[in-house]
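For reference, the structure is listed below as structure tokens.
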Number of protein chains: 2
Amino acid sequence: MSTTAPGKGRGPRADAQRNRDHILDTAAQYFSEHGVSGSLDAIAKKAGVGAGTLYRHFPNREALLAALLTARDEELVKRRDAIRAEPAGAASRLEQWLDALIGWAGAFDGLPEPLRTATTTETSPLGMTCQGYITTTDEFLLAAQKEGTARAEVRGRDLFLAALATSWVRDAAMADEFSAQALKSLTRNGWAASGTADSGH
Amino acid sequence: MSTTAPGKGRGPRADAQRNRDHILDTAAQYFSEHGVSGSLDAIAKKAGVGAGTLYRHFPNREALLAALLTARDEELVKRRDAIRAEPAGAASRLEQWLDALIGWAGAFDGLPEPLRTATTTETSPLGMTCQGYITTTDEFLLAAQKEGTARAEVRGRDLFLAALATSWVRDAAMADEFSAQALKSLTRNGWAASGTADSGH
DNA sequence: AAACCATACGGAGGATGTCTCCGTTTTGTC
DNA sequence: GACAAAACGGAGACATCCTCCGTATGGTTT
């Protein structure tokens, strides 16, 4: 989880780097337990730093979230590459990628909300991240469209939002795990070209 | 917007009734302008009543929201009856009902969130409301399934959540009105039985 | 119409949370 | 070891939610 960018000018001071990493670790755990709306001051206290230190490193909740997701970036990128390398058809690959997105957006309780906001707000750290994944979604989607297994009028952005929405429905819907699955199938049938749809129970 | 239930014991005091109605009106306007997360204290002030008065009538944000939606209930119920009376096929009726739900959930910015929470939380004023509309959704869905135009494995609850999700995506997505439309089509194709799907440009 | 009391009002204030400011401390360099 | 730049910490300004309780008002009774 170190972020020591080599060669770039003079690196950050040692204590700053240490604190930053530690805050990130603490925040990851705290958000896991309390959802993304957990108190930032509480995170600072738990990490053993002053509130000022936390806010200097991460000016607001979104920045902290963005940093947290960047740390997880590697994982999702790896997944993307693994899916790319699969011998399966384009439709299956797209489906797997969307599944990965749903899982990614569900990393913390309540995460879909800021992600959706970021997706439409642009020009924010989170927005950049989302934009990148929309591009990837477009890549898989285009392949499926060329293959004839995905409707032509669908856009990557729409599927990305649909994945967020699925994750959003799953949040706090623990009483009914079916619903998330249902949304997934609904989406699956939604983008599939006629005749290739799968009831996906 | 009066809520004078006739015959039920001794009604509320006149000033209480007046305040309640006025708070409701003020809240409707305030939420329209600032979304459902607007400050409750600000609403009280704007309505010219003390905070205590607001909280006595509506113990929390959800209660206020529920009262606000109850006022709109009549409208949606009327729409439901109108759809029922239509000569169109069951699929078309289901589609129109889902459209109505999407519009309903978009009455205020940010409304889908508490609605989703209420849907999965049950036993809350909002939860009751949602439950009722899920039942209606089931009614329209069942007709479409009997007609053979809707997949058998879909449930009303899922479509209800999908409608909320669509409204959720639309929120703050003004930069891209397409997305909401896309989600709608995606869902439409998702529940339609094979062969009856419509690309819904 | 005056008195009575249940009902309702208002707004100060406790609790929690976000974020800023600035005096103090730490780090890296010379 | 001394110096300046970088970073720290936590008090406190400010916003919100919500409660508590002394005070005012409305309806009823005589």
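In what follows, every heavy atom counts, from backbone to side chain, and hydrogens, waters and symmetry copies are set aside. Convention: sequence-line order gives letters A, B, ...; per-chain numbering from 1. Being a predicted model, the structure only gives us computed values, none of them experimental.
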*Ignoring the backbone of A14(A), work out which of dG28(C), dC8(D), dG17(C) is nearest its side chain.*
dG28(C)

_Please report the distance, rounded to the nearest Å, between NZ in K45(B) and C1' in dA15(D)._
11 Å

*Compute whether any side-chain donor of one residue and acceptor of the other, for W104(B) and E75(B), lie under 3.5 angstrom apart.*
no

*Check: dA6(D) base within 3.5 Å donor-acceptor of R13(A) side chain*: yes

*Do NZ/NE/NH1/NH2 and the carboxylate oxygens of R18(B) and D15(B) come within less than 4.0 Å?*
no

*For dA7(D), does OP1 or OP2 lie under 4.0 Å from any side-chain N or O of H57(A)?*
no

*asked:* Can a side-chain donor-acceptor contact be found between W97(B) and E139(B) if the only test is distance below 3.5 angstrom?
replied: no

*asked:* In this structure, how many angstroms lie between the P atom of dG10(D) and the CG atom of L40(A), rounded?
replied: 17 Å

*asked:* What is the distance, to the nearest angstrom, from the CZ atom on R61(B) to the C1' atom on dC18(D)?
replied: 12 Å

*Among dT18(C), dA8(C), dT27(C), which is the nearest nucleotide to the side chain of D41(A)?*
dT18(C)

*Over 60° means perpendicular and under 30° means parallel, so classify the ring planes of F108(B) and F31(B), tilted if in between.*
perpendicular

*asked:* What is the distance, to the nearest angstrom, from the CZ atom on R18(A) to the P atom on dT26(C)?
replied: 11 Å

_How many whole angstroms separate atom CD1 of I43(B) from atom P of dC18(D)?_
12 Å

*Measure from OH on Y55(A) to C1' on dC22(C) and round the result to the nearest Å.*
18 Å

*Tell me which nucleotide among dC9(C), dT19(D), dC17(D) gets nearest to the side chain of A16(B).*
dC9(C)

*Return the 5'-most residue of the pair P12(B), T53(B) with respect to DNA chain D, ranking by each residue's nearest nucleotide.*
T53(B)

*asked:* Counting only side-chain nitrogens and oxygens, does S39(A) get under 4.0 Å of the OP1 or OP2 atom of dT18(C)?
replied: yes

*Given atom CD of Q17(A) and atom C1' of dT27(C), what is their separation to the nearest angstrom?*
14 Å

*What's the CG-P distance between N19(B) and dA24(D), to the nearest Å?*
17 Å

*Kindly indicate, with the supporting measurements, whether the criterion side-chain hydrogen bond (donor to acceptor under 3.5 Å, both in side chains) is fulfilled by Y133(A) and D73(A).*
CA-CA 10 Å; Y133(A) 292 141; D73(A) 246 8; 2.3 Å; yes

*Mark yes or no for a side-chain to base donor-acceptor pair under 3.5 Å between N60(B) and dC18(D), with no hydrogen or angle criteria applied.*
no

_OP1 or OP2 of dC9(C) under 4.0 Å from side-chain N/O of R56(B)_ = yes

